[in-house]
Amino acid sequence: MKITYSIIAPIYNELDNLSELHRRLHEVMDATRQPWELILVDDGSTDGSTEKIRELARVDKRVRPVIFARNFGHQIAITAGWDYARGAAVVIIDADLQDPPEVILDLAKKWKEGYEVVYAVRAEREGESWFKKFTASMFYRIIYRITDVKIPVDTGDFRLMDRKVVDVLKQMPERHRFPRGMSAWVGFKQIGVEYKRAARHSGVTKYPFRKMLKLALNAITSFSYFPLQVATFFGFFSAGISILAIPIVIYMRIMGSGAFFGQATTLIAVLFLGGVQLISLGILGEYIGRLYDEAKGRPLYIVRDAPNSSDQNEGG
Ligand code: UDP
Ligand code: MG
């Protein structure tokens with residue numbers, strides 16, 4: 001049977017959300033009267049989610065788990081979902097029910113109108129801290145400004161993509177991935193649909209500030225040279241100042257001014273330049289480290305097993 005909709009949900013310790021996720025998706029997807037499958041990518045859960053996923057797969061053959069050998073991260077889990085999905089349309093959804101499954105019907109409507117990427121835009125966010133909303137909002141706007149791809153703001157990974165798009169994405173082997181950026185980069189006919197992002201059904205966020213920062217770094221380095229150019233800018237800036245300053249200082253010394261005596265001025269100049277140089281080195285390091293990771297060419301993820309997918313390709 002040909003599958004119309006593949007729903008991909010990455011799972012990292014979402015035990016108390018799984019039954020409800022399955023129930024609500026069931027309700028929504030049955031309303032489409034089309035064949036569908038649910039790909040639950042278990043990203044190294046340690047709270048018993050893995051057993052729960054296996055149990056769901058036993059009672060419902062449409063549930064096709066992909067069980068990772070360890071935690072590889074949200075973005076990689078989505079990637080594995082792309083590799084296993086067989087549907088004509090592929091939907092990515094969070095497992096914590098912050099993305100209401102009912103919105104899938106709105107996404108599908110646009111897909112039927114001929115759009116190939118339909119992304120869900122967060123018009124409102126419920127039940128998240130002031131800090132989370134503020135940093136998220138900053139994140140989307142900075143990324144929009146400095147990357148070369150126009151990645152829609154206030155848009156997470158919740159989206160529907162046509163088979164054509166997913167087949168292209170599967171050919172992008174990059175390690176440090178930013179799926180929302182990748183799906184904007186490929187082009188095709190894209191459109192946003194607004195929705196109200198709900199509060200988490202249960203459990204806590206798996207994105208502490210540290211992980212958000214890492215995601216932001218991946219997004220920026222994957223889609224922009226801007227940080228490298230900042231180093232060049234600072235170089236020209238401080239060189240410019242010193243070229244202006246040299247004749248002024250010489251002139252003042254000849255005229256007998258003592259304004260530039262003392263170590264403080266020298267020290268400040270050395271510290272400033274030293275700082276700029278170290279930061280530039282650090283930025284270079286970020287890019288080189290990523291190059292190194294790419295060069296190693298390790299598989300993106302390791303699958304322990306994938307019940308209900310015996311005929312499927314292996315990962316990475
Ligand atoms: N997730 C994952 N691997 C991770 C972290 C998160 O698969 O290392 C999943 C998580 O289970 C959830 C989705 O990614 O389904 C989004 O995570 P979360 O809800 O914690 O992020 P937030 O909505 O707070 O930004
Ligand atoms: Mg969430």
Side-chain angles (χ1 to χ4, degrees), residues 6-22 24-25 38-53 56 63 65-85 90-101 103-104 119-140 143 153-159 175-180 195-219 300-304 306 315:
S6 297
I7 318 287
I8 301 171
I11 315 283
Y12 180 51
N13 296 344
E14 305 283 6
L15 183 58
D16 295 330
N17 293 324
L18 281 167
S19 299
E20 185 64 9
L21 176 74
H22 182 244
R24 277 181 61 189
L25 277 172
L38 172 59
I39 300 182
L40 295 175
V41 185
D42 174 35
D43 187 13
S45 296
T46 52
D47 68 339
S49 296
T50 318
E51 287 65 41
K52 180 78 199 170
I53 291 171
L56 285 174
V63 176
V66 179
I67 316 259
F68 278 2
R70 65 166 167 88
N71 178 257
F72 281 89
H74 181 193
Q75 282 70 36
I76 301 290
I78 290 175
T79 308
W82 291 342
D83 290 339
Y84 278 80
V90 175
V91 178
I92 304 165
I93 192 167
D94 277 3
D96 57 1
L97 293 162
Q98 280 197 284
D99 307 330
V103 177
I104 296 176
Y119 51 85
V121 183
R122 301 163 177 176
E124 259 181 74
R125 308 172 70 124
E126 252 177 20
E128 284 176 298
S129 69
W130 168 88
F131 181 72
K132 173 99 187 187
K133 283 188 208 167
F134 175 73
T135 45
S137 164
M138 287 287 289
F139 168 72
Y140 290 120
I143 304 282
V153 298
D154 297 329
T155 302
D157 292 306
F158 188 24
R159 61 189 59 222
R175 215 136 294 273
H176 297 276
R177 342 188 106 226
F178 188 54
R180 325 169 189 178
Y195 79 111
K196 194 168 148 204
R197 188 158 160 92
R200 234 177 192 282
H201 175 68
S202 167
V204 293
T205 175
K206 310 300 179 313
Y207 267 94
F209 186 63
R210 177 181 49 81
K211 264 200 195 165
M212 297 236 303
L213 210 62
K214 209 174 134 198
L215 180 67
L217 265 179
N218 279 345
L300 282 180
Y301 55 86
I302 301 163
V303 175
R304 174 177 290 137

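Both ligands and their constituent atoms are indexed starting at 1 by order of listing.
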Which atoms of ligand 1 are found less than 4.0 Å from any heavy atom of Ala95? 15 (O)
Heavy-atom distance under 4.5 Å between the side chains of Tyr140 and Thr155, does that happen here? no
Measure Gln75 to ligand 1 on non-hydrogen atoms and call it side chain, backbone, both or neither using the 4.0 Å cut-off. neither
Between Thr205 and ligand 1, find which residue part has any heavy-atom pair under 4.0 Å and reply side chain, backbone, both or neither. both
To the nearest 0.1 Å, how far is atom 19 (O) of ligand 1 from its closest protein heavy atom, and which atom is that? Asp96 OD2, 2.6 Å
Among Phe68, Tyr12, Phe158, which one has a heavy atom closest to atom 2 (C) of ligand 1? Tyr12
For Arg200, the ligand 1 atoms with a heavy-atom partner under 4.0 Å come out as 18 (P), 19 (O), 20 (O)
Measure up the Phe68 and Phe72 rings against each other and bin them: parallel (under 30°), tilted (30 to 60°), perpendicular (over 60°). perpendicular
Taking C-beta and beyond as the side chain, do Arg197 and Asp99 meet within less than 4.5 Å on heavy atoms? yes
Heavy-atom nearest neighbour in the protein, as seen from atom 13 (C) of ligand 1, with distance rounded to 0.1 Å: Asp94 OD1, 3.6 Å
Could you tell me if the side chain of Pro10 sits less than 4.5 Å from the side chain of Asp43, heavy atoms only? no
Note, Tyr12 side chain near Asn71 side chain (heavy atom, < 4.5 Å): yes
Within a distance under 4.0 Å of any heavy atom of Ile11, pick out the atoms of ligand 1 and give their elements. 7 (O), 11 (O)
Would you mind running through ligand 1 and noting each atom that sits below 4.0 Å from a heavy atom of Gln98? 19 (O), 22 (P), 23 (O)
Interfacing atoms of ligand 1 (cut-off 4.0 Å, heavy-atom, Lys211): 4 (C), 5 (C), 8 (O)
Quick check on contacts: which atoms of ligand 1 are under 4.0 angstrom from a heavy atom of Gly73? 3 (N), 8 (O)
Tell me the protein heavy atom at minimum distance from atom 21 (O) of ligand 1, and give that distance in Å. Tyr207 CD1, 3.2 Å
Can you tell me which portion of Val41 lies within the under-4.0 Å heavy-atom range of ligand 1? Options are side chain, backbone, both, or neither. neither
Let's go through Leu18 and Ile53 carefully: what are the C-alpha distance in whole Å and the side-chain angles of both, what is the deciding distance for side-chain contact (heavy atoms from CB on, under 4.5 Å) to 0.1 Å, and is it a yes or a no? CA-CA 8 Å; Leu18 281 167; Ile53 291 171; 3.8 Å; yes
Salt bridge or not for Lys206 and Glu14, using N-O below 4.0 Å? yes
Ranked by distance from atom 25 (O) of ligand 1, the top protein heavy atom is Lys132 NZ, 2.9 Å
N/O of Pro10 under 3.5 Å from N/O of ligand 1, yes or no? yes
Is it true that a side-chain atom of Asn13 and a backbone atom of Thr46 form a donor plus acceptor pair closer than 3.5 Å? yes
In this structure, which one of Ile143, Ile78, Leu215, Ile92 forms a side chain to side chain contact (heavy atoms under 4.5 Å, CB included) with Arg180? Leu215
With a 4.5 Å limit on heavy-atom distance, are the side chains of Arg24 and Pro100 in contact? yes
Please check whether Ala77 reaches ligand 1 - meaning an N/O of the residue sits under 3.5 Å from an N/O of the ligand, judged on distance alone. no
Taking the side chain as C-beta and beyond, is there a heavy-atom pair between Ile76 and Arg177 under 4.5 Å? yes
Look at atom 6 (C) of ligand 1 and say which protein heavy atom is nearest, naming residue and atom and giving the distance to 0.1 Å. Lys206 CB, 3.6 Å
If you stand at the Mg ion (ligand 2) and look out to OE1 of Gln98 and OD2 of Asp96, what angle do those two lines make, to 10°? 100°
Nearest-neighbour protein heavy atom for atom 4 (C) of ligand 1, which is reported as residue plus atom name and distance: Asp43 OD2, 3.5 Å
Using only atom types and a distance under 3.5 Å, with no angle test, would you say the side chain of Thr79 pairs donor to acceptor with the backbone of Gln75? yes
Could you identify the single nearest non-hydrogen protein atom to atom 11 (O) of ligand 1 and state the distance to 0.1 Å? Glu14 OE2, 2.6 Å
